[in-house]
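Report on the following structure.
Only heavy atoms go into these numbers, but all of them, side chains included; no hydrogens, no water, no symmetry mates. Proteins get letters first, then strands, A, B, ... in listed order; numbering begins at 1 in each.
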Amino acid sequence: MTQQELKTAIQKHYSYIFEESLIDEIATVAVTKNFNEGDILIEIGNTIFKMPLLLEGVIKILREAPDEGELLLYFLEKGDTCAMTMACCMGKTKSEIRAVAETDGTVLMLPVEKMEEWLGKYKSWRSFVFDSYTNRMKEMLNAIDTLAFMNMNERLIKHLNEKAKVNHTHIMQITHQEIADELNTSRVVISRLLKVLEDEGKIKLNRNIIELL
DNA sequence: ACATTAAGTGATT
DNA sequence: AATCACTTAATGT
């Protein structure tokens with residue numbers, strides 16, 4: 001990608017947030033990185049040296065228990081960044097979460113020194129970082145509410161809807177086991193709940209496929 | 001045709 | 001809602 005193309009790509013998602021001069025700076029220091037569905041982008045315990053800005057695609061953020069249990073916290077979409085990463089970069093701590101690519105996509109990697117420098121230099125950058133924290137906090141509360149107040153059937157329906165939304169399709173290629181992992185339950189439970197939803201006419205099931213109606 | 005993987009089911013806790 | 005212990009169905013080689 002040429003620098004001009006890079007700049008255009010950044011403008012596509014960030015021109016309403018960042019001033020021109022900041023976009024220029026980003027374009028000069030950013031390294032683009034493509035990823036494929038299923039790629040593990042950040043593993044728990046990793047130390048992060050670059051801050052990512054999502055240009056295309058969807059990334060899911062998961063919390064993992066010591067005994068191999070997983071739980072999906074939220075999705076990141078284009079224009080988002082990972083608050084956890086920002087905290088890691090600046091605080092020099094290790095990642096508490098795992099980031100896995102939900103779809104193919106592209107991220108920009110920014111050097112930590114720059115993101116600190118821009119905090120003092122650009123108002124738009126400060127608001128962006130601040131807003132990102134606020135949004136992630138909201139998503140986190142949402143995840144807690146879901147976990148605390150909803151039963152598995154409701155959680156499943158919510159999860160399917162969110163998945164359809166971020167993937168921009170109502171026909172999803174996924175196994176019951178994968179859903180079970182993301183909701184930290186067992187496959188049998190998911191299979192049974194899905195079966196009921198199908199009988200109710202809310203979804204259509206095929207091997208590896210779930211269609212929302 | 002056979003092996004592998006995904007999904008369905010009854011019984012039990 | 002989880003687990004066990006299967007069975008059945010779909011798919012790959």
Does one side chain, of [X] or [Y], offer a donor that lies under 3.5 Å from an acceptor on the other?
X         : Y         : value
Tyr122(A) : Glu25(A)  : yes
Asn135(A) : Glu139(A) : no
Glu182(A) : His159(A) : yes
Lys33(A)  : Thr106(A) : no

Is a donor on one side and an acceptor on the other found under 3.5 Å between the side chain of Arg63(A) and the backbone of Glu96(A)? yes
Mutual orientation of the aromatic rings belonging to Phe128(A) and Trp125(A) [parallel < 30°, tilted 30-60°, perpendicular > 60°]: tilted
Earliest and latest nucleotide of DNA chain B, 5' to 3', sitting under 4.0 Å from a non-hydrogen atom of chain A? dT5(B) to dA11(B)
Val112(A): partners by side chain to side chain contact (heavy atoms under 4.5 Å, CB included), with sequence neighbours left out: Cys89(A), Met115(A), Glu116(A)
Near DNA chain B, counting only heavy atoms under 4.0 Å, which residues of residues 186-201 of chain A show up? Arg187(A), Val188(A), Ser191(A), Arg192(A), Lys195(A)
Sorted by number, residues from residues 205-213 of chain A placing a heavy atom under 4.0 Å from DNA chain B are Arg207(A), Asn208(A)
Stepwise salt bridge (Lys or Arg N to Asp or Glu O under 4.0 Å) test for Lys202(A) and Glu198(A): CA-CA 6 Å; Lys202(A) 290 178 182 162; Glu198(A) 186 178 37; over 6 Å; no
Phe75(A): what forms a ring-ring contact (aromatic ring centres under 6.0 Å, His included) with it, not counting sequence neighbours? none
Which nucleotide span of DNA chain C, 5' end to 3' end, has atoms closer than 4.0 Å to non-hydrogen atoms of chain A? dA1(C) to dT11(C)
Using a side-chain heavy atom cutoff under 4.5 Å and only I, L, V, M, F, W and Y, what cluster partners does [X] have?
X         : value
Phe49(A)  : none
Ile209(A) : Ile171(A)
Phe149(A) : none
Leu197(A) : Met152(A), Leu156(A), Ile157(A), Leu160(A), Met172(A), Ile174(A), Ile179(A), Leu183(A), Val189(A), Ile190(A), Leu193(A), Leu194(A), Ile203(A), Leu205(A), Ile210(A), Leu212(A)

For the NZ atom on Lys158(A), are there more than 12 heavy atoms of other groups (residues, nucleotides or ligands in this structure) within a distance under 6.0 Å? yes
Interface with DNA chain C, restricted to residues 153-161 of chain A and to heavy atoms under 4.0 Å: none
For Asp80(A), check salt bridge (Lys or Arg N to Asp or Glu O under 4.0 Å) against everything at least two apart and list the hits. Arg136(A)
